[in-house]
There are 2 protein chains.
Amino acid sequence: MSMKKAKMMLESKDIRPSFQRMKIYKLLMETKEHPSVETIYNELKEEIPSLSKMTIYNTLKLFVEKDLARLITIEENEARFDADTSVHGHFKCLKCGCVIDFPVEETKLPAPGNGFTVDNIDFFVRGTCPGCRN
Amino acid sequence: MSMKKAKMMLESKDIRPSFQRMKIYKLLMETKEHPSVETIYNELKEEIPSLSKMTIYNTLKLFVEKDLARLITIEENEARFDADTSVHGHFKCLKCGCVIDFPVEETKLPAPGNGFTVDNIDFFVRGTCPGCRN
DNA sequence: TACTTTTTTGGAATAGATACAATTTTTTTT
DNA sequence: AAAAAAAATTGTATCTATTCCAAAAAAGTA
């Protein structure tokens with residue numbers, strides 16, 4: 001993803017496109033592994049030596065508020081982020097640790113019932129991936 | 001739940017029924033709010049002044065391994081536990097903070113696909129509960 | 001009772017996340 | 001363009017949930 005595209009995405013959500021924010025968003029779009037703050041920090045600190053983890057925390061919090069990213073919990077104790085904000089499932093292999101997205105039709109999901117307003121859905125499955133079964 | 005019943009439940013899963021373990025299991029069964037380690041500690045420390053949080057951590061980890069409890073993530077950064085190990089959904093109201101269980105038919109849930117073995121399903125929904133909509 | 005294993009306990013250490021104030025950068029005003 | 005104001009970034013100190021570890025206590029076995 002180009003920096004120009006990242007800039008447009010941020011602006012479309014009323015987020016000022018600072019260099020750090022654009023870089024973080026770009027990385028989030030290009031990385032399929034739902035990186036953690038630590039991962040993002042390690043990826044970007046070479047290019048932006050002054051980068052502070054606080055900036056990453058602030059930025060990701062802002063992205064989540066503005067619906068530009070989703071917070072997902074793969075392991076307790078570490079927040080992971082996903083630039084795909086649509087409803088979809090996450091599968092984690094307990095053997096190799098890989099995380100795979102899979103499609104989910106929102107209309108086919110069970111709902112808590114009448115009277116509940118749904119803002120956010122997390123569907124998370126753990127098990128063994130095809131590669132590790134062999 | 002009686003201590004005798006708690007003891008039987010532990011023994012059925014090959015867990016030695018120490019006093020602390022029985023008390024923790026009993027509390028977990030009687031509490032619908034999916035308590036955290038901190039909550040369990042505060043609830044039990046009066047009756048068991050010597051109780052250590054480490055015991056609670058160890059015990060819950062053992063329960064989860066032996067399929068006597070489930071680890072659920074309601075808020076990132078704090079583990080919560082559920083004595084109901086069957087597949088069911090959790091709804092969290094973003095206004096009042098209440099957590100409500102709701103039934104889910106496992107056969108109707110989307111699956112990651114052929115070739116995947118499923119061990120564990122988490123279905124978590126956030127939004128507004130009927131009480132808070134009024 | 002003596003010996004072995006298991007469980008519990010508490011204090012120190014770890015790691016992710018937050019609070020906060022000082023800089024730096026950007027935007028607005030003059 | 002310079003000054004002032006606002007916003008973003010940074011580093012340090014701190015917090016909190018969790019884990020590590022080794023000693024003490026309890027339970028089980030001979």
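Please read these numbers as outputs of a predicted model, since none were measured by experiment. First the proteins, then the strands, lettered A, B, ... as listed; each starts at 1.
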field: ILVMFWY network linking M1(A) to L10(A), side-chain heavy atoms under 4.5 angstrom
entry: yes
task: Mark yes or no for whether S12(A), through its side chain, and M9(A), through its backbone, hold a donor-acceptor pair below 3.5 Å.
output: yes
message: Over all strands shown, is S36(A) touching base, sugar-phosphate only, or nothing at heavy-atom distances under 4.0 angstrom?
response: nothing
message: Testing the 3.5 Å rule here: is there a donor-acceptor pair between the side chains of H34(B) and D101(B)?
response: yes
- prompt: With clusters built from Ile, Leu, Val, Met, Phe, Trp and Tyr whose side-chain heavy atoms come within less than 4.5 Å, directly or transitively, what are the remaining members of the cluster of V99(A), listed by chain and number?
  reply: I72(A), I74(A), F124(A)
Give me the distances for all protein-to-nucleotides 21-23 of chain C N/O pairs that come in under 3.5 Å?
none

statement: side chain to side chain contact (heavy atoms under 4.5 Å, CB included) filter on E11(A), not counting sequence neighbours, yields K7(A), P17(A)
task: Would you confirm whether E78(A), through its side chain, and S36(A), through its main-chain N or O, come within 3.5 Å as a donor-acceptor pair?
output: no
message: So if I take residues 8-26 of chain A and measure heavy-atom distances to DNA chain C, which residues fall below 4.0 Å?
response: R16(A)
- request: For atom CD of E106(A), decide whether the heavy atoms of other residues, nucleotides or ligands shown that lie under 6.0 angstrom number more than 12.
  value: no
statement: When rounded to the nearest 0.5 Å, the distance separating CG of L44(A) from CD1 of I56(A) is 6.0 Å
- request: Please tell me if the side chains of R126(B) and D122(A) come closer than 4.5 Å, counting only heavy atoms from C-beta onward.
  value: yes
field: Sequence-distant partners of F63(B), ring pair (Phe, Tyr, Trp, His ring centres under 6.0 Å), two or more places apart
entry: Y25(B)
query: Rounded to whole angstroms, how far apart are CD1 on I48(B) and C1' on dT7(C)?
result: 13 Å
message: Using 0.5 Å steps for rounding, measure from the CG atom of L68(B) to the CD1 atom of I15(B).
response: 5.0 Å
- prompt: What's the spacing between L94(A) CG and C132(A) SG if we round to 0.5 Å?
  reply: 9.5 Å
- prompt: So which of H88(B), R70(B), K32(B) actually passes side chain to side chain donor-acceptor pair (under 3.5 Å) with D82(B)?
  reply: H88(B)
message: What I want to check is whether the side chains of R80(A) and T73(A) have a donor and an acceptor closer together than 3.5 Å.
response: no
What donor-acceptor contacts under 3.5 angstrom involve side-chain atoms of residues 47-54 of chain A, with partners at least two apart or in another chain?
from: E47(A); atom 1: OE1; to: K23(A); atom 2: NZ; distance (Å): 3.4
from: E47(A); atom 1: OE2; to: K23(A); atom 2: NZ; distance (Å): 2.8
from: S52(A); atom 1: OG; to: M54(A); atom 2: N; distance (Å): 3.1
from: K53(A); atom 1: NZ; to: E38(A); atom 2: OE1; distance (Å): 2.7

query: Which two nucleotides bound the region of DNA chain D that has atoms under 4.0 Å from heavy atoms of chain B, read 5' to 3'?
result: dA17(D) to dG28(D)
task: For DNA chain D, determine which residues of residues 69-78 of chain B have any heavy atom closer than 4.0 angstrom to one of its atoms, and list them numerically.
output: N77(B), E78(B)
- line: Across all chains, not counting sequence neighbours, the side chain to side chain contact (heavy atoms under 4.5 Å, CB included) partners of D67(A) are K13(A), T85(A)
field: Interatomic distance, I40(A) CD1 vs dA17(C) C1' [rounded to whole Å]
entry: 14 Å
- request: Give the other cluster members for V118(A), using side-chain heavy-atom distances under 4.5 Å between Ile, Leu, Val, Met, Phe, Trp and Tyr residues; answer none if it is isolated.
  value: V87(A), F91(A), I100(A), F102(A), V104(A), L109(A), F116(A), I121(A), F123(A), V125(A), V87(B), F91(B), I100(B), F102(B), V104(B), L109(B), F116(B), V118(B), I121(B), F123(B), V125(B)
field: For DNA chain C, the dot-bracket pattern of Watson-Crick and G-U pairs whose distances stay under 3.5 Å, | for other-strand partners
entry: ||||||||||||||||||||||||||||||
- request: Let me know which of L62(B), V37(B), T59(B) forms a side chain to side chain contact (heavy atoms under 4.5 Å, CB included) with I24(B).
  value: T59(B)
query: Where along residues 51-65 of chain A does a heavy atom fall under 4.0 Å from DNA chain D?
result: L51(A), S52(A), M54(A), T55(A), N58(A)
